[in-house]
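Report on the following structure.
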Amino acid sequence: MDERQARLETLAPHLAEELTGKKEKRQRELPALESAEEGVVMRFAPNPSGPLHLGHARAAVLNDYYVRRYGGRYLLRIEDTDPRRVDPDAYQMVQEDVEWLGLGITDIIYQSDRLEIYYEHGRRLIGIGGAYICTCDAGYFRDLKLARKSCPCRGNTVEENLDLWERMLGGEFSEGAITMRVKTELEHPDPALRDFSAFRIVSSPIHPRIDAAVYPLMNFSVAVDDHLLGITHVIRGKDHIANTRRQKYIFDYFGWKMPAYLHYGRMSISGLVLSTSGMREGIGEGRFSGWDDIRLGTLRAIARRGIRAEAVRMAVLDIGIGATDISFSWENLYARNKEIIDPVANRYSFVPDPVAVAVGDAPVPVVAEAALHPNDPARGTRRLVFEGTVLVSGHDLEGHGMVRLKDLFNASVAWDGSDPVLTYAGESLADARKAKAPIIQWLPAGAAIPCILHMPESPEAMIVTGCCEPGVAGEVGTVVQFERIGFARIESAGADGVVAYFAHR
RNA sequence: GCUGCUAUAGUGUAGGGGCCAAUCAUGUCGGCCUUUCACGCCGACGACUGGGGUUCGAAUCCCCAUAGCAGCACCA
């Protein structure tokens, strides 16, 4: 029986796991989507105002999950219909982030390419009496709306509206002077659903991709696109519930069938600004070094710390599509990431705030062979050659009469004032255990390189300076585990040493 | 103010009338393993917002209250 299990493990690890009921037990199924058996068409529709962050990841991964599950198309729709909220660099950044996340995108659509389509549908909506052109002041209209009263423009004839629409497109009006409104119900109990805007004029800034002044508002362009692109299911945040209801008016006017909607709850992340504008402000003020500052919740920031896209994906699927407001927990993401990282990360020593201490009475030299990974001896070892003096953290010595220098030997600890004094105390690991000596990491004084470890703890990034093994320089771009410290991604290794970003314990 | 969504352990989730003195993950604590305070293994801890109602029976259905969140933009 065990033999069978062992054979299966070598032949088909995944099947073996299923047999033992290990692993794979998670990744629970999310609820089924209604009428999705024939496949789905879904979309991820970010606004190109900055790079993607964890909030985006939820929408992106949830939609991706269902497209993978049912098959179909997954559209990346760039919603760039507000020139004020377009960052030209974001087009590229969003693309990179989508790639990093590993989304199964099948089509890319830019709304800025589709203005004529929106104009044409705007014209048609006026033609069927579903919209009117309004030249009222926004504040004035708002007051009327809250009082359930119609504005003077609501009574325009179709001809008057069409005429105003062409003049609006022709540039006869300035920003704020005119808007197209969808005619809904002024008596509607929810003020949010009364005669909302569909088009407006934006004269500055100029759009990076197109020359235009009349732009559709989100509810109009989204409704038109969702229909024209054949979207079958929409998963988005519950802040869009009112928008879904608004968009229903447009679908109904045109006689279109609405997609199925799912609205998940609001997600907050403790001690983190997740809004693009908030982050941009912090960067502008110099509080953050850039979009990839490791204290930020952008995907590029967490990637820089060595958090894998797959961990983000798992964490998002664990959260699911519930409508409850939740606070995202770093702990849960870290746990997922550790599952991925721990088996592959090589182990190294990092000594924070190192002090050089000669070890009295020690034989010289002593070669320590430390496994690159304790659970995978095949990966080999690192050689640390002791030649009389070690670098250790004074902190590790405090309160102990003896320590075990990992993979080396025991040393008794004494103090000369505030200076530690180490004396060779034999090789016996058993002795160390008997003396309850902690096993601490160390480095040969002559073969250690400087290392700066950046911690993401907000609000201020903390920097831990220390030394690490020379071998770490060969791990640039990968994640290692600094023993007794935690996992970190090696950012760079140069003449002035190694720079690493801390991921988690 | 008006409208809507939600409410299970520290966090995230499962459960949608009896199988629930409530699932799983994470976390914390204890133990085992271990030349890392990692991984792995074992065990423990810890929750149905409150009040009414329906019912033989409610975490599950209804109502009210409370709380959180969202919308009421010529943003998405």
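Chain letters run A, B, ... following the sequence lines, proteins first, then strands; residues in each count from 1. Everything numeric here is computed off the predicted structure, so don't read it as measured data. Just so it is clear, the values below take in all heavy atoms, side chains as well, and ignore hydrogens, waters and symmetry mates.
Between A:Asp190 and A:Leu217, the residue anchored closer to the 5' end of RNA chain B is A:Asp190, taking for each the nucleotide with the nearest heavy atom. For A:Phe409 and A:Ala177, each mapped to the nucleotide of RNA chain B holding its nearest heavy atom, the one lying further toward the 5' end belongs to A:Phe409.
Among the heavy atoms of the strands lying under 4.0 Å from A:Glu79 are primed sugar atoms or P, OP1, OP2 only; no base atom is included. Among the atoms of the strands shown, base atoms are found under 4.0 Å from some heavy atom of A:Asn243. At a threshold of 4.0 angstrom between heavy atoms, the contacts of A:Pro374 include nucleobase atoms, whether or not backbone atoms are also involved. Within the 4.0 angstrom heavy-atom criterion, only backbone atoms of the sugar-phosphate kind lie near A:Arg433; the bases stay farther away. No engagement by A:Phe196 is indicated, since no non-hydrogen atom pair under 4.0 Å with the nucleic acid exists. Counting non-hydrogen atoms under 4.0 angstrom, A:Gly320 reaches nothing in the nucleic acid. Counting any heavy atom pair closer than 4.0 Å across all strands shown, A:His263 reaches no nucleic acid atom. Among the atoms of the strands shown, none is found under 4.0 Å from any heavy atom of A:Pro31. As judged by a 4.0 angstrom heavy-atom cut-off over every strand, A:Ile178 is placed among the base-contacting residues. Across all strands shown, A:Ala138 has heavy atoms under 4.0 Å from base atoms, whether or not it also approaches the sugar-phosphate.
In this entry B:U55 has no Watson-Crick or G-U wobble partner, no candidate having both defining distances under 3.5 Å. Base pairing of B:A73: no nucleotide in any strand meets the Watson-Crick or G-U wobble criterion (both distances under 3.5 Å). When both distances must be under 3.5 Å, the Watson-Crick or G-U wobble mate of B:C5 is B:G68.
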**OP:** Please report the C-alpha distance between A:Asp225 and A:Arg43 in whole Å, then the side-chain angles of each, then the deciding distance to 0.1 Å, and finally whether the salt bridge (charged side-chain N to carboxylate O under 4.0 Å, His left out) criterion is met.
**Re:** CA-CA 10 Å; A:Asp225 280 344; A:Arg43 39 88 160 174; over 6 Å; no
Subject >> salt bridge (charged side-chain N to carboxylate O under 4.0 Å, His left out) assessment of A:Arg505 paired with A:Glu483 >> reply: CA-CA 10 Å; A:Arg505 289 194 55 84; A:Glu483 290 178 314; over 6 Å; no
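Put simply, the side chain of A:Glu331 and the base of B:G12 share no donor and acceptor less than 3.5 Å apart.
Ring centroids of A:Phe199 and A:Tyr215 are separated by 6.0 Å or more, keeping the two rings apart. The six-membered or imidazole ring of A:His233 lies away from that of A:Tyr66, with a centre-to-centre distance of 6.0 Å or more. Between A:Phe409 and A:Phe386, the distance separating the two ring centers is shorter than 6.0 angstrom.
In this structure B:G16 sits in the syn conformation; its chi angle is within 90° of 0.
Summarising the geometry, the separation between CZ on A:Arg194 and P on B:C2 is reported as 12 Å, rounded to the nearest angstrom. Between the CD1 atom of A:Ile78 and the C1' atom of B:C75 there is a distance of 17 Å, given to the nearest Å. Remark: P of B:G68 and CE of A:Met267 are 21 Å apart, rounded to the nearest angstrom. Atom CG in A:Leu429 sits roughly 13 Å away from atom P in B:C33 (whole-Å rounding). Distance OH (A:Tyr264) to P (B:G4): 23 Å, rounded to an integer number of Å. A straight line from CZ of A:Arg200 to C1' of B:A76 spans 10 Å, rounded to a whole angstrom. In this structure, the CD atom of A:Glu339 is 13 Å from the C1' atom of B:G40, given to the nearest Å.
Comparing B:U11, B:G10, B:U36 by their nearest atom to the side chain of A:Asn332 picks out B:U11. Taking every side-chain heavy atom of A:Asp342 into account, B:C39 is the closest of B:C39, B:U35, B:C72. When each of B:A73, B:C69, B:A76 is scored by its nearest atom to the side-chain atoms of A:Lys238, the top-ranked nucleotide is B:C69. With B:A76, B:C74, B:C72 as the choices, the nucleotide that has an atom nearest any side-chain atom of A:Pro191 turns out to be B:C72. In this structure, the nucleotide among B:C69, B:U13, B:U11 sitting nearest to the side chain of A:Ile319 is B:U13. Of the candidate nucleotides B:A76, B:A25, B:U11, B:A76 has the atom nearest to the side chain of A:Arg85. For A:Ala323, the listed nucleotide lying nearest its side chain is B:U6; candidates were B:U6, B:C69, B:C72. The side chain of A:Leu146 lies closest to B:C72 when the candidates are B:C72, B:A25, B:A70. Taking only side-chain atoms of A:Asp239, from C-beta outward, the nucleotide of B:A70, B:G4, B:G12 with the closest atom is B:A70. Nearest to the side-chain atoms of A:Asp82 among the listed nucleotides B:C5, B:A76, B:A7 stands B:A76.
A close approach under 4.0 Å does occur between a side-chain nitrogen or oxygen of A:Thr81 and OP1 or OP2 of B:A76. Contact between the side-chain N/O atoms of A:Arg142 and the OP1/OP2 oxygens of B:A73 is found at a separation under 4.0 Å. Applying the 4.0 Å criterion to OP1 and OP2 of B:G12, one finds that A:Ser327 has a side-chain N or O inside that range. Listed pair A:Lys338 / B:C39 meets the phosphate criterion, a side-chain N or O lying under 4.0 Å from OP1 or OP2. A sub-4.0 Å separation between OP1 or OP2 of B:U36 and a side-chain N or O of A:Arg347 is absent. Side-chain nitrogen and oxygen atoms of A:Arg266 include none within less than 4.0 Å of the OP1 or OP2 phosphate oxygen of B:U6. Regarding contacts with the backbone of B:C2, every side-chain N or O of A:Lys145 stays at 4.0 angstrom or more from both OP1 and OP2.
Of the residues listed (A:Arg246, A:Lys183, A:Arg181, A:Arg154), the one engaging A:Asp195 in a salt bridge (charged side-chain N to carboxylate O under 4.0 Å, His left out) is A:Arg154, and it is the only one.
In this pair, A:Tyr261 and A:His263 present their aromatic rings parallel. The plane angle is below 30°, not in the 30 to 60° band.
Atom CZ of A:Arg383 has 12 or fewer neighbouring heavy atoms from other residues, nucleotides or ligands inside a 6.0 Å radius.
Between A:Arg114 and A:Asp80 there is no salt bridge, since no side-chain nitrogen of the basic residue lies less than 4.0 Å from a carboxylate oxygen of the acidic one.
B:C42 and B:U26 have their P atoms separated by 12 Å, with the value rounded to a whole Å.
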